[in-house]
Amino acid sequence: MDAQSYSAALAELRTVRDAIKKARAELTRLESDRDRRVVQLAAYEKAKAERIAPASGLSVADVVTLAPALAPDRLAADSDIALRRPVPEEIKEQATDATGPTPAPQPEAAAPAKSTEPLRPASPAPVPPAEPQAPHKLPAIAEGAAGDAWFTHTAGLASTRPNFTQQARSTVFLDTTTGILVHRDQTHHLDLGGASAAEILTAVFHTLPHGVERIYITAGAPWHRDADRYPYLRDTVAAWLNAPIPGWRTDTGRGRDRMAGHFVHARNPVGRYQRDNSDSHVEIRSVGEWFDLDGDSPHTVRDAFVLLWQALRRHWDDAVLMGSPSQTGRDLWTRTIPQRGQHSEGFPVLSEELRGLLHATAGQGRNELLAPPRVPEQLPQLVEYDRTFAYAKHTWKSPVGTPRRITARTFAAWSEKEQMRALYGCGHWQIRVTVPDTWNHVGLLPAPAPGDRAWHYPATPHATFTTWAGGPEIHAALTNPIQPWKIEILDGILWEDGKPLDDWARKLKETWTNLSAQAHFQGDPQQARAAHLASRAVRSILLYGIGSFAQRPRLVTGTTPRHLERDVPPDAEIIGFNEELITWQKPSGFARDPNAHPEWAAAIWSAARAALLTQRHRDDDTYAGALHTPPGTVVAFRTDALYLTQPRTWPYHHQPGDYLLRGHLAGPLTAPTTEEELLTLRDAGRAALTAEREA
């Protein structure tokens, strides 16, 4: 380049610079105009951020930032869909059961989110509400005859034993990082390119021309590949699932399999596809639904599924591993329904009114962080105890039969013995609670807190609140080893005691015990690891199977072309959009699910929360739980785990419900004030305990 061409190139560069400045100025002007119009639209009394977002090209979070008045009043914390206000991934995600019309997803069963570490840093800070939020209001049973009519079953709907054999699906295991594909005893190496859904399907079906029906992703999380392009992980996942795939379309379901459409979940999504002009169906799923991996190869994961299937076949000769633990658990349970005698005609489903009441008033795992001054600002140490296979301990008794309404007047007319028998039985009660005047320990009963389905546990002396609780928790509050609480029964639902889950849970516990023993005594490290993963899968089958009985109101997913955005249903929530399509979800009430038994899930959850407070070990003649620790030593509850400032000598016999020492971190430590800080200390404590045991 000579001096003349150099000068000419500089002049051209200046022209480009000026064009960029003009473009930026124009972009700034357009963005300001857009923001002004968004604010103007927000003044309309029926304006919704979910409708304005696609029209403006902004996320719902950005719209709410511009117009805080459009912030949703509630967060759908018990569904997998958190409304798009600027509090993204830190909202605990809990999957829901749902079925619906095309393309409706079948989210997996609700279960406590024990490890809900954010997958990405939270995007903009939450918009503070103009006024403090009041606790969400819990519903009550309707007065008089209207409420009495709820106490029945849904006509023509009952859980019955299936009269067909579940069909297994051809399954492969794929590491999208390395491209290693394991199909039965064969290993293939695939070129996946960018690992889009289209590239995965193309590569798999090219390698296995006869096709497969289920692809488990063991590593790589390809649905997160464009995470930097979207404000929330669920947007990233939705875009990955909904990207067009030549020759394929979204599966619309078939036969007895009512699953249809994609399931958008930040960590464990499900893509369901059907080949055009063909009956070829395939799912792309995350193996994380079954267990957590630690760098395990697809071969180890394949071996874990084989061991799991073999172990289940010892108890169910027709056992089939379905796509998720919740589906598998539900299917296995139906195959324990008696063929003759009591309940051989099945277990009727409650009225929709009672199911809705239980859905709104029966919480799941207790998740509570006790910050200073309730604990010292400097902790002497942090000790983690985790209840092993906890829910399996609480399946021996469950509600059956037609429920009875127990009014305050009826309860008051009973003798003390009759009252305690009822509270110890299978019931769900509306109560008024008063904390004792001298109480100085943790709270015992859940109370509604700000936010949809949010709960807290009041412990302030003299505090009075109205709530709903299960019999086990009320019994624990009345008979706790420190001081009985004052509880007034306002209304209640009482069932007969039964054992609809006992046979199912017993078989799963025996399967878990067998696989745990294999993991301990197996000489081959890979097979030992596979057995361990299989034992964790059994835990998921029971845990998520119980959650599936809760049956949340279903959510219907759909898409609308961008140029027809006015056709998006007015009650829908926008969960993602691109240049062509808007993806939305909306509630659609309760499905006619013959296996909907929220009364069973509620009873188990209540018993598990009570056991976190006090649990008797009969063989050792001792007790364990938070109430058997000194005041001020409980740092946190996390589903079925306790975090303490002092170690305890609680017995551990490798039985369901036993408190296992999982972590021990020496202090002094600054007391955690956020869940993220607690999880950081938890991980450090587990690592420290492992290192100590290996030393």
Side-chain angles (χ1 to χ4, degrees), residues 132-144 146-148 150-151 353-354 356-364 366 368 399 403-495 598-599 602-603 605-607 609-610 612-614 626-627 637:
Q133 282 186 290
H136 70 280
K137 186 176 181 180
L138 298 180
I141 302 172
E143 295 291 337
D148 294 341
W150 295 8
F151 288 75
E353 292 82 3
L354 282 187
L357 181 72
L358 287 165
H359 166 67
T361 61
Q364 298 186 30
R366 178 171 181 169
E368 181 183 24
R404 291 187 292 154
R405 182 177 188 176
I406 308 299
T407 63
R409 176 176 296 180
T410 299
F411 188 85
W414 286 349
S415 67
E416 183 177 351
K417 183 177 181 180
E418 289 173 319
Q419 291 177 349
M420 292 306 293
R421 184 187 299 118
L423 293 178
Y424 190 70
C426 295
H428 191 60
W429 305 90
Q430 185 184 31
I431 54 178
R432 183 178 295 115
V433 183
T434 302
V435 182
D437 296 347
T438 58
W439 188 257
N440 67 345
H441 218 296
V442 299
L444 304 188
L445 291 163
D452 182 48
R453 283 186 61 82
W455 303 90
H456 65 159
Y457 294 80
T460 306
H462 307 288
T464 298
F465 56 95
T466 299
T467 189
W468 284 84
E473 292 169 282
I474 297 175
H475 191 269
L478 291 171
T479 62
N480 77 81
I482 300 174
Q483 185 180 11
W485 282 30
K486 181 182 177 182
I487 296 175
E488 179 185 356
I489 300 295
L490 304 179
D491 214 336
I493 312 167
L494 187 62
W495 291 266
E599 68 276 19
W605 293 337
S606 177
R609 291 193 299 267
L612 278 178
L613 299 171
T614 179
L627 294 180
F637 298 87

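- A distance-only check finds a donor-acceptor pair linking the side chain of Thr467 to the backbone of Pro446 [under 3.5 Å].
- Phe151 does not carry Arg405 over the face of its six-membered ring by the limits of under 6.0 Å from the centre and within 45° of the normal.
- Asp491 CG to Thr407 OG1: the interatomic distance, rounded to the nearest 0.5 Å, is 6.5 Å.
- Closest non-hydrogen pair, Ile474 versus Ala469, comes out as CD1-O, 3.8 Å.
- Thr466 has its side chain within reach of Leu490: a pair of non-hydrogen atoms, C-beta onward, lies under 4.5 Å apart.
- By the 4.5 Å heavy-atom criterion applied to side chains, Ile487 and Leu478 are counted as neighbours.
- Atom CD of Gln364 sits about 3.5 Å away from atom CH2 of Trp605, to the nearest 0.5 Å.
- When all heavy atoms of Gly471 and Trp429 are compared, the closest pair comes out as N-CD1, 4.2 Å.
- Looking at Trp468, its side chain does come within 3.5 Å of a backbone N or O of Pro139 through a donor-acceptor pair.
- Under the 3.5 Å distance criterion, the side-chain polar atoms of Trp439 are matched with a main-chain donor or acceptor of His441.
- Here the closest heavy-atom approach between residue Pro461 and residue Asp437 is recorded as CB-O, 3.1 Å.
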message: With side chain to side chain contact (heavy atoms under 4.5 Å, CB included) as the criterion, how do Val442 and Leu613 come out once you've worked through the C-alpha distance, each side chain's angles and the decisive distance to 0.1 Å?
response: CA-CA 9 Å; Val442 299; Leu613 299 171; 4.0 Å; yes
task: Report the C-alpha distance between Leu423 and Phe411 in whole Å, list the side-chain angles of each, state the deciding distance to 0.1 Å, and finish with yes or no for side chain to side chain contact (heavy atoms under 4.5 Å, CB included).
output: CA-CA 10 Å; Leu423 293 178; Phe411 188 85; 4.1 Å; yes
task: Check the pair Val433 / Leu444 against side chain to side chain contact (heavy atoms under 4.5 Å, CB included), numbers first and verdict last.
output: CA-CA 10 Å; Val433 183; Leu444 304 188; over 6 Å; no
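- For the pair Arg366 (side chain) and Tyr457 (backbone), a donor-acceptor distance under 3.5 Å is absent.
- Counting all heavy atoms, side chain and backbone alike, Pro458 lies closest to Leu445 at CD-O, 3.7 Å.
- Counting heavy atoms from C-beta outward, Leu358 and Glu599 have side chains that approach closer than 4.5 Å.
- A distance of 11.5 Å separates CD1 of Ile141 from CD of Glu353, quoted to the nearest 0.5 Å.
- Between the side chain of Thr479 and the main chain of His475, a donor-acceptor pair closer than 3.5 Å is present.
- Annotation for Leu138 and Ala360: closest pair CD2-O, 3.7 Å, computed over non-hydrogen atoms.
- Heavy-atom minimum distance, Trp414 versus Gln419: O-NE2, 3.5 Å.
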